[in-house]
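Taking it in order: structure first as structure tokens, then the write-up.
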Amino acid sequence: MHNKSLSELSTSLHNGEFSSVELTQHYLDRIAAHNSSLNAFITVTADRALEQARAADLRLQQKTAATLTGIPLAHKDIFCTQGIRTSCGSKMLDNFIAPYNATVVEKLNAAGMVTLGKTNMDEFAMGSSNETSFYGTVKNPWDTDRVPGGSSGGSAAAMAARLAPIATGTDTGGSIRQPASLCNLTGLKPTYGRISRYGMIAFASSLDQAGPMAKSAEDAALLLNEMAGFDARDSTSVERDVPDYTASLTASIEGLRIGLPKEFFGEGLDPDVAATIEAAIKTYVSLGATVKQISLPNSHLSVPTYYVVAPAECSSNLSRMDGVRFGHRCEDPKDLLDLYQRSRGEGFGEEVKRRIMIGTYALSAGYYDAYYLKAQQCRRLISDDFKQAFNDVDVIMGPTAPTTAFNLGEKNDDPVAMYLADIYTISTNLAGLPGMSIPAGFVNGLPVGLQIIGNYFDEARLLNVAHRYQQATDWHQQIPADFN
Ligand code: GLN
């Protein structure tokens with residue numbers, strides 16, 4: 001059951017081969033068997049899931065079901081889920097029961113999907129390894145001594161071990177694509193504004209975007225169909241029609257123009273990962289694509305720019321976690337200042353504190369022009385590079401991450417080494433462009449992701465380009481031996 005695609009599951013549910021309750025129970029059993037070794041879920045909502053599954057079965061019987069009705073999914077614990085703890089991987093929100101649903105959750109509920117639970121993540125989505133979570137490290141199902149990537153590492157581990165048929169993630173600097181790469185998944189970060197951010201706990205509001213983490217491009221397209229769309233409650237949501245993302249999946253890619261930025265293949269890229277990516281590009285050429293070397297000359301500015309912009313925005317967004325309006329409150333505060341200081345001091349972890357301090361510094365009077373303003377100017381240069389590149393090519397390809405999954409603990413004492421895990425993904429967020437990671441092969445038994453970046457709102461093309469590759473290869477169908 002757990003190797004079926006979403007459309008196969010949908011067909012089986014509609015034909016009555018099995019019920020949503022049976023399917024949901026199958027996944028709940030897998031979670032019960034494997035979650036203790038992976039730590040992929042923070043919260044499992046078994047009773048609610050079965051209740052949703054019963055309602056889905058009714059819709060299926062009454063022939064009022066939609067394509068995804070009755071299919072279970074896992075939500076990253078950054079999405080507010082009414083009546084269910086929404087921790088964002090933090091101690092700060094350990095006891096936060098969301099009073100409303102995020103738009104994404106609302107839409108997927110309305111489609112009749114079944115929520116299995118909330119997946120582990122780096123604290124407030126800050127991290128590339130899922131080691132900053134208050135709920136403990138998540139293990140990579142391909143090698144449990146290694147990280148699954150982050151910050152959507154719980155969704156990635158759950159998907160790789162087939163503990164859910166599909167999951168949601170969010171990507172501020174790479175958090176869908178990098179864990180997808182490390183766990184052999186298809187992950188899509190759409191164009192900024194494509195999916196509503198309402199009810200998605202904000203990290204860096206000008207960069208955050210939700211997206212699907214899936215077994216295949218076809219599955220990702222089906223979920224994106226439901227996730228995307230305008231929402232008046234998110235002021236940066238874009239009012240633009242949602243195409244049927246499955247409609248053009250099989251279109252020919254004959255003549256597709258692929259750009260390969262030389263900056264994505266330089267120093268720091270593991271040679272075996274580079275060889276795997278080059279082999280994937282050859283497959284594209286055999287499918288009729290043409291390849292062109294391009295340059296994104298300001299790429300080297302992306303990590304430093306991000307680490308001014310993202311901390312600046314998070315320092316502002318996290319100011320609401322003060323023990324009064326939201327979040328952990330310390331015991332017996334002496335006065336208001338003591339309440340703020342101890343609540344925040346106790347509630348936040350080390351990485352989050354580091355970001356708040358950097359961000360507050362960068363925004364403070366006297367430094368604003370030197371750091372924040374400068375970073376915004378660099379951000380424009382990075383966007384302009386892409387604009388220039390898309391005059392000549394249809395998509396840009398390269399590695400998603402410089403290496404395969406690294407060992408647990410390996411980069412914990414060196415924040416900058418950790419930040420470099422996102423060196424190829426961050427510029428996409430700074431420009432607001434859509435990007436994907438798809439399975440492209442293995443190095444020493446560990447997955448390698450190919451990144452595909454598209455022009456604004458070109459998600460349908462990205463999915464088409466990914467799907468054609470997945471019809472020609474079977475990397476995406478490989479699953480780790482212990483989780484068959
Ligand atoms: N790893 C990056 C960070 O720590 C990106 C995280 C994300 O995309 N949420 O900021």
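Just follow the structure's listing: the first ligand is 1, and inside any ligand the first atom is 1.
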Check the orientation of [X] and [Y]. Use parallel for under 30°, tilted for 30 to 60°, and perpendicular for over 60°.
X	Y	answer
Tyr368	Tyr372	tilted
Tyr424	Phe264	tilted
Phe124	Phe348	perpendicular
Phe442	Trp142	tilted

Of the backbone atoms (N, CA, C, O) and the side-chain heavy atoms from C-beta on, which set of [X] has a member under 4.0 Å from an atom of ligand 1: side chain, backbone, both, or neither?
X	answer
Tyr306	side chain
Arg355	side chain
Asp422	side chain
Tyr307	side chain
Ser151	side chain

Any chance the side chains of [X] and [Y] put a donor and an acceptor closer than 3.5 Å?
X	Y	value
Ser205	Asn317	yes
Gln178	Ser437	no
Ser302	Ser427	no
Asn95	Arg329	no

Query raised in the report: Considering only heavy atoms of Phe203, which atoms of ligand 1 have at least one such atom less than 4.0 Å away?
Result: 9 (N), 10 (O)
Query raised in the report: Relative to the heavy atoms of Ala125, which atoms of ligand 1 are at a distance of less than 4.0 Å?
Result: 6 (C), 7 (C), 9 (N)
I'd like to check whether [X] has a polar contact with ligand 1, where a contact means an N/O of the residue lying under 3.5 Å from an N/O of the ligand.
X	answer
Met126	no
Ser128	yes
Gly174	yes
Lys76	no
Gly127	yes
Thr170	no

Report task. Quickly, which of Asn39, Asn120, Asp77, Asp94 forms a side chain to side chain donor-acceptor pair (under 3.5 Å) with Tyr135? Name it, please. Result -> Asp94
Report task. Look at atom 6 (C) of ligand 1 and find which of Cys314, Ser175, Pro415 reaches it with the closest heavy atom. Result -> Ser175
